[in-house]
Number of protein chains: 2
Amino acid sequence: MTKIAKPPKRQIILEEAAKLFKDKGYGGTSMRDIAGQVGMEAASMYNHIKSKDEILDSICFRISDVYIAHLQEVEQLPLTFGEKVRALIRLHIQLMVEDGPAVSVANHDWKYLPNARLTEFTTARRQYEKGFAALIAAGIAAGEFQTVNPTVALFTILSAVRWVELWFQPGRSLSAQELEDHIITMLLKGLEQR
Amino acid sequence: MTKIAKPPKRQIILEEAAKLFKDKGYGGTSMRDIAGQVGMEAASMYNHIKSKDEILDSICFRISDVYIAHLQEVEQLPLTFGEKVRALIRLHIQLMVEDGPAVSVANHDWKYLPNARLTEFTTARRQYEKGFAALIAAGIAAGEFQTVNPTVALFTILSAVRWVELWFQPGRSLSAQELEDHIITMLLKGLEQR
DNA sequence: TATTTTTACTAACAAATGTTAGTTAGAGAA
DNA sequence: TTCTCTAACTAACATTTGTTAGTAAAAATA
């Protein structure tokens with residue numbers, strides 16, 4: 001008999017918590033809410049997690065680790081800067097589509113991390129932003145991009161992909177692939193006719 | 001003696017509440033937090049407001065009313081579609097810069113509105129989005145814009161301006177005017193060299 | 001002036017919060 | 001079997017929550 005290892009309880013708790021945090025916010029979600037979704041009493045969850053804070057911590061840093069890894073990978077590929085930026089945009093959208101609730105939590109609820117970890121998180125994020133902005137600046141220097149303010153370009157891009165979570169429902173008129181293509185067109189070619 | 005009418009207490013409460021909601025979220029902000037910022041006991045605020053819900057309601061609908069009014073105004077101006085879209089983007093950024101905390105609350109905490117008002121709010125927002133998307137679609141039909149998916153274009157734009165709150169600090173290297181110009185360039189011309 | 005209204009206060013409320021203590025049923029190892 | 005560990009439970013805890021009642025000072029109105 002082949003065993004299908006079902007995910008350990010801890011992971012189920014983290015997943016359900018992410019969904020609830022996304023919908024109701026960290027402060028708006030109680031341990032009893034999460035427990036109800038998992039099918040367990042609130043107190044029982046403490047056999048699997050240390051605290052509510054730790055749930056948030058786990059979700060946020062798992063996502064931020066993925067982002068950092070993505071960036072480092074893309075930086076080392078032999079691509080033009082345009083291609084590198086495209087690759088990063090695609091990774092953002094893919095992660096959002098595959099791991100929506102967790103990404104959403106990492107984007108919105110990170111600020112409720114306890115103090116020490118909060119600075120660690122913002123440091124990681126700034127590092128990511130710095131690396132991404134450097135790619136844009138290099139692309140400008142290489143003549144691939146227009147001479148825009150790299151910071152503005154960076155945040156326009158990050159913002160545009162970040163909000164996919166709000167209005168993308170899988171299986172609706174647009175596929176994830178088409179969504180990617182359209183967003184990339186919009187960001188790299190612009191709205192106006194050339 | 002000239003009297004400088006200082007704002008009534010209700011308005012002060014709404015402003016301080018908006019700042020706190022922005023920083024700590026609706027659920028994360030207690031009535032006592034707000035009262036502390038205003039310089040008053042929590043119970044005393046009930047002479048000026050009806051409930052915590054009503055504070056959120058006031059903030060959210062004041063902002064959504066402004067957006068709707070903006071749109072209707074721009075729709076009736078004799079401008080090209082490109083100019084209309086530019087005008088709306090500018091209005092978004094200006095409102096964000098002038099009324100940051102309230103805009104932020106209307107963007108993030110609207111989901112905590114009590115049920116009846118929540119549907120009213122989302123209806124208003126959908127109406128705004130529909131009108132904005134129609135301008136984009138008309139611009140495409142008129143040959144002013146590239147043939148992009150209007151919905152994707154709309155949300156890319158809304159997202160890009162929405163996140164100004166996160167990283168724009170007045171008096172930093174970029175002025176509000178420059179910020180506007182750069183974002184509009186990015187969205188209408190695109191990042192890549194033509 | 002006298003009277004009414006506004007606005008602040010303290011005290012208290014019931015409900016909800018995150019979390020701990022103590023217990024018990026079941027699974028795996030000895 | 002016997003022992004140990006895991007993971008669930010119920011009960012309870014100290015706080016914190018939004019809000020109301022009752023009251024007193026101050027301001028506005030007559």
Side-chain angles (χ1 to χ4, degrees), chain A residues 1 3-60 105 109-118, chain B residues 1 3-60 105 109-118:
Chain A
M1 138 177 160
K3 256 194 220 158
I4 295 181
K6 57 179 171 179
K9 279 283 155 63
R10 178 169 217 279
Q11 199 175 319
I12 297 177
I13 292 171
L14 294 180
E15 280 166 20
E16 295 302 325
K19 286 188 219 164
L20 287 170
F21 290 169
K22 174 181 174 176
D23 287 349
K24 321 205 297 166
Y26 180 70
T29 303
S30 73
M31 293 301 281
R32 287 165 180 82
D33 289 338
I34 303 171
Q37 215 59 32
V38 173
M40 196 184 264
E41 290 302 313
S44 308
M45 292 196 298
Y46 286 80
N47 287 314
H48 305 280
I49 52 105
K50 287 216 314 248
S51 68
K52 193 188 179 190
D53 282 344
E54 194 231 359
I55 295 180
L56 181 63
D57 192 284
S58 261
I59 297 172
C60 289
V105 170
D109 295 327
W110 55 269
K111 54 182 156 181
Y112 307 119
L113 285 168
N115 244 311
R117 294 291 275 169
L118 190 149
Chain B
M1 139 179 157
K3 256 194 218 158
I4 296 179
K6 57 179 174 180
K9 278 283 157 62
R10 178 169 218 279
Q11 199 174 319
I12 298 178
I13 292 172
L14 294 179
E15 280 166 19
E16 295 302 325
K19 286 189 219 164
L20 287 170
F21 291 169
K22 175 183 173 176
D23 287 348
K24 322 204 301 167
Y26 180 70
T29 303
S30 73
M31 293 301 281
R32 287 163 180 83
D33 289 338
I34 302 171
Q37 214 60 31
V38 173
M40 195 185 264
E41 290 302 313
S44 308
M45 291 195 299
Y46 285 79
N47 288 315
H48 306 281
I49 51 108
K50 287 215 316 246
S51 68
K52 193 188 179 190
D53 281 345
E54 194 231 0
I55 295 179
L56 181 64
D57 192 284
S58 261
I59 297 171
C60 289
V105 170
D109 294 328
W110 56 270
K111 54 183 157 181
Y112 307 120
L113 285 168
N115 244 311
R117 294 291 276 169
L118 191 149

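Excluded from the calculations below are hydrogen atoms, water molecules and symmetry mates; all remaining heavy atoms, backbone and side chain alike, are included. Letters A, B, ... mirror the listed sequences (proteins, then strands); counts begin at 1.
- The heavy-atom pair separating B/T29 from B/I34 by the smallest distance is CG2-CG1, 3.7 Å.
- A 4.0 Å heavy-atom criterion places the boundary nucleotides of DNA chain D facing chain B at D/dT17 to D/dT20, written 5' to 3'.
- Smallest separation of non-hydrogen atoms from A/A18 and A/V105: O-CG2, 3.6 Å.
- Checked by atom type and distance alone, the side chain of A/D57 never pairs as donor or acceptor with a backbone atom of A/E54 at under 3.5 Å.
- B/Y112 places a side-chain N or O within donor-acceptor distance of the main-chain N or O of A/K24, the cut-off being under 3.5 Å.
- Between B/H48 and C/dT6 there is no side-chain N or O to OP1 or OP2 distance below 4.0 Å.
- The two residues B/G28 and B/D33 make their nearest non-hydrogen contact at O-OD2, 3.8 Å.
- For the pair B/K9 NZ and C/dT6 C1', the computed distance is 11 Å after rounding to whole Å.
- Remark: C1' of C/dT19 and CD of A/E41 are 14 Å apart, rounded to the nearest angstrom.
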Run A/S58 and A/R10 through side-chain contact (heavy atoms from CB on, under 4.5 Å) and show every step you take.
CA-CA 11 Å; A/S58 261; A/R10 178 169 217 279; 3.6 Å; yes

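- The nearest pair of heavy atoms linking A/L56 to A/L113 is CD2-N, 3.7 Å.
- When all heavy atoms are compared, the tightest approach of A/M31 to A/M45 is O-CE, 3.2 Å.
- Atom CD1 in A/I49 sits about 7 Å away from atom P in C/dT19, given to the nearest Å.
- Relative to the axis of its first five pairs, the axis of the last five pairs of the helix from C/dT1-D/dA30 to C/dA30-D/dT1 sits at 10°, rounded to 10 degrees.
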Quick one: do B/K22 and B/K19 satisfy side-chain contact (heavy atoms from CB on, under 4.5 Å)? Show the steps, please.
CA-CA 5 Å; B/K22 175 183 173 176; B/K19 286 189 219 164; 5.8 Å; no

Any N/O pairs under 3.5 Å between the protein and nucleotides 15-18 of chain C? List them or say none.
unit_1 : atom_1 : unit_2 : atom_2 : d
C/dG18 : OP1    : A/T29  : O      : 3.3
C/dG18 : OP1    : A/K52  : NZ     : 2.8
C/dG18 : OP2    : A/M31  : N      : 2.7
C/dG18 : N7     : A/R32  : NH1    : 2.9
C/dG18 : O6     : A/R32  : NH2    : 3.0

As a quick check of understanding, evaluate side-chain contact (heavy atoms from CB on, under 4.5 Å) for A/K52 and A/Y26, giving each step before the final call.
CA-CA 9 Å; A/K52 193 188 179 190; A/Y26 180 70; 3.4 Å; yes

